[in-house]
> 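So that we are looking at the same thing, I have put the structure below in structure tokens.
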Amino acid sequence: MSNSPLILGVETSCDETGVAVVRGHEILASVMASQIDAHARFGGVVPEVAARAHVEAIRPMVHLALRQAGVHSDQLDAVAATRGPGLVGALMVGYSFAKAMAWALGTPFIGVDHMEGHLFAPRLEDGSFEPPAIVLLASGGHSQIVYAKRWGDYEVLGSTIDDAAGEAFDKIARFMGLGFPGGPAIDRAAEDGDPDSIRFPRALADRPYHFSFSGLKTSVVTYLEKAKASNSVPPLPDVAAAVQEAIVDVLVAKTFNAVDATGVQRVAGGGGVLANRRLRAKLQEQADKHGVALHLPSPALCTDNGAMIAAAGEFRLERGEVTPWNVDVSSSLRLG
Ligand code: KG4
Ligand code: ZN
């Protein structure tokens with residue numbers, strides 16, 4: 001890997017300022033300034049707050065990543081940054097900083113599709129991961145099933161028609177008084193709960209690859225209000241486990257619908273929701289049953305990070321796809 005290019009990856013599409021230095025599959029440094037505290041009191045990510053926090057964090061994070069990697073900026077072969085999708089103000093901070101840095105250093109600049117970054121995350125820890133694969137991408141902003149045919153050739157088979165899976169975790173956790181972000185809170189609360197204690201609905205059963213999560217929140221609210229009125233509220237761990245099960249069930253079922261339809265031998269995942277322990281266990285169970293390989297990044301590489309952006313940036317650099325200076329961020333960038 002030592003002749004692979006040395007890449008700085010910058011990720012600021014949402015609420016984490018992620019910066020990494022990567023060479024080949026080796027992460028020399030990966031640092032992160034999380035904004036969870038700044039958003040927690042609002043119960044969700046506030047775009048203006050996010051952009052301002054990136055402005056404060058971007059310079060120290062870039063310095064920290066270079067220092068931890070033991071690399072001087074003039075040794076970099078390229079600078080990559082997330083171009084979209086994401087919050088436009090947040091994207092602009094990292095993208096503009098990275099672009100200015102590349103310009104000053106005289107190195108190529110690569111604007112990366114955030115979702116392609118997630119597709120490259122499994123490869124950072126497992127060099128054997130190669131398409132064709134079905135990849136489940138689920139986070140606070142997106143829920144998609146992607147058929148990665150080759151690197152660079154992706155078909156989005158299905159996505160959510162309303163809320164993303166992480167958004168459902170966050171909204172329901174907020175209603176249950178579990179705080180923000182809701183995914184990890186429900187994951188923890190569900191530990192001692194019975195997932196079969198309550199059966200919440202699984203939406204869009206008639207569509208093989210699409211998701212809908214907004215109705216789940218309504219049914220949890222209705223269920224708990226009725227239970228409260230009749231003084232029969234179930235234990236919190238049971239509610240958390242049942243909510244988690246409803247989300248995990250559809251994510252797993254639809255991923256394996258795509259595996260069955262395409263006949264691929266590999267399944268992968270990315271996005272914060274893939275840190276969920278029940279989801280990881282159920283994906284593994286199904287992968288074993290189907291006899292396919294499962295490639296899940298460790299939780300720190302499931303959530304947004306600079307290393308995955310550097311990895312996707314390297315792929316684009318090797319194809320000669322340097323981003324022209326006049327190309328700006330695109331908050332609604334779409335894979336494929
Ligand atoms: O990928 P990510 O860090 O940022 C976005 O692009 O959105 O994902 C954040 C989302 C949040 O909605 C959070 O609640 C969810 O991922 N999440 C989880 C877990 N950890 C993070 N959801 C379920 N279980 C978890 N353990
Ligand atoms: Zn993401």
Side-chain angles (χ1 to χ4, degrees), residues 9-18 30 32-36 39-40 42-47 50 54 81-87 90-91 94 112-122 135-144 146 159-160 163-176 178-191 193 195 211 213 216-217 240-241 243-252 269-283 296-309 311-312 331 333 335:
V10 174
E11 154 60 35
T12 65
S13 67
C14 191
D15 61 344
E16 270 140 343
T17 316
S30 182
M32 171 85 69
S34 171
Q35 306 175 3
I36 284 177
H39 300 290
F42 301 106
V45 178
V46 182
H54 285 306
T82 304
R83 184 173 164 233
L87 304 170
L91 287 166
V112 170
D113 183 318
H114 178 84
M115 306 309 283
E116 185 171 47
H118 279 301
L119 297 182
F120 272 88
V135 190
L136 170 65
L137 297 178
S139 76
H142 30 76
S143 300
Q144 295 184 335
V146 179
S159 48
T160 180
D163 291 352
E167 198 178 350
F169 272 114
D170 293 340
K171 285 180 174 172
I172 294 169
R174 188 174 165 188
F175 175 74
M176 291 170 66
L178 290 172
F180 173 83
I186 290 185
D187 192 335
R188 277 191 303 274
E191 224 163 66
F211 304 108
F213 292 110
L216 178 61
K217 189 198 158 192
V243 166
Q244 177 172 267
E245 201 70 1
I247 297 173
V248 166
D249 255 5
V250 287
L251 292 174
V252 174
V273 176
L274 274 293
N276 184 272
R277 289 172 293 170
R278 182 76 174 163
L279 176 58
R280 295 173 79 92
K282 289 202 110 182
L283 284 171
L296 291 182
S298 56
L301 286 177
C302 284
T303 49
D304 294 347
N305 63 85
M308 69 184 200
I309 301 305
S331 60
L333 206 60
L335 257 192

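Just so you know, ligand 1 is whichever comes first in the structure, and atom 1 is the first atom listed for that ligand. Keep in mind it's a predicted model, so treat the numbers as computed, not measured.
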> Quick check: of its N, O or S atoms, which one does His118 have closest to the Zn ion (ligand 2)?
NE2
> Using 30° and 60° as the class limits, which term best fits the ring planes of His142 and His114: parallel, tilted or perpendicular?
tilted
> Determine the interplanar angle of the Phe211 and Phe213 rings, folded into 0 to 90°, and report it as parallel if under 30°, tilted if 30 to 60°, perpendicular if over 60°.
parallel
> Under 4.0 Å from a heavy atom of Gly141: which atoms of ligand 1 are those, numbered in the order shown and with their elements?
7 (O)
> Side chain, backbone, both or neither: which applies to Thr303 and ligand 1 if a contact is any heavy-atom pair less than 4.0 Å apart?
both
> State whether the shortest distance between N or O atoms of Gly183 and N or O atoms of ligand 1 falls below 3.5 angstrom.
yes
> What part of Asp304, side chain, backbone, both or neither, has a heavy atom within less than 4.0 angstrom of ligand 1?
both
> Less than 3.5 Å between some nitrogen or oxygen of Gly271 and one of ligand 1, yes or no?
no
> Do any nitrogen or oxygen atoms of Asn276 lie less than 3.5 angstrom from nitrogen or oxygen atoms of ligand 1?
yes
> Please confirm whether the backbone N or O of Gly18 pairs with a side-chain atom of Glu11, one donor and one acceptor, at under 3.5 Å?
no
> Give the intermediate values and the outcome of side chain to side chain contact (heavy atoms under 4.5 Å, CB included) for residues Gln244 and Asp187.
CA-CA 7 Å; Gln244 177 172 267; Asp187 192 335; 4.0 Å; yes
> Determine which of the N, O or S atoms in Asp304 is closest to the Zn ion (ligand 2) and give its atom name.
OD1
> Just by distance, do the side chain of Ser143 and the backbone of Ala165 share a donor-acceptor pair under 3.5 Å?
yes
> Considering both backbone and side-chain atoms of Pro181, is one of its nitrogen or oxygen atoms within less than 3.5 Å of a nitrogen or oxygen in ligand 1?
no
> Before signing off on this row, confirm whether Gly272 and ligand 1 have an N or O atom pair separated by under 3.5 Å.
yes
> Please work out, at 4.0 Å between heavy atoms, whether the side chain, the backbone, both, or neither of Gln244 comes within that distance of ligand 1.
neither
> Which of the atoms in ligand 1, numbered in the order shown and given with their element, are less than 4.0 Å from a heavy-atom of Gly140?
5 (C), 7 (O), 8 (O), 9 (C), 10 (C), 12 (O)
> Mind checking whether His142 contacts ligand 1 via backbone (N, CA, C, O), side chain (CB onward), both or neither, at a 4.0 Å heavy-atom cut-off?
side chain
> Could you walk me through whether Lys171 and Asp163 pass salt bridge (Lys or Arg N to Asp or Glu O under 4.0 Å), step by step?
CA-CA 10 Å; Lys171 285 180 174 172; Asp163 291 352; 3.0 Å; yes
> Could you grab the distance from atom NE2 of His118 to atom CE of Met308, nearest 0.5 Å is fine?
3.5 Å
> Counting each atom of ligand 1 from 1 as listed, which ones have a heavy atom of Gly166 under 4.0 Å away?
12 (O)
> Are any side-chain N or O atoms of Ser13 and backbone N or O atoms of Gly86, one a donor and one an acceptor, separated by less than 3.5 Å?
no
> Out of Asp170, Leu137, Asp187, who is nearest to atom 14 (O) of ligand 1 when you count heavy atoms only?
Asp170
> Can you confirm whether Val248 sits close enough to Leu283 that some side-chain heavy atom of one is under 4.5 Å from a side-chain heavy atom of the other?
no
> Under 2.8 Å from the Zn ion (ligand 2), is there any N, O or S atom belonging to His114?
yes
> A side-chain contact here means heavy atoms from C-beta on lying under 4.5 Å apart; do Leu296 and Cys302 qualify?
no
> Over all heavy atoms of both residues, which pair between Asp170 and Pro181 is shortest? Give the atoms and the distance, please.
OD1-C, 3.7 Å
> As an exercise, identify every atom of ligand 1 less than 4.0 angstrom from a heavy atom of Glu16.
3 (O)
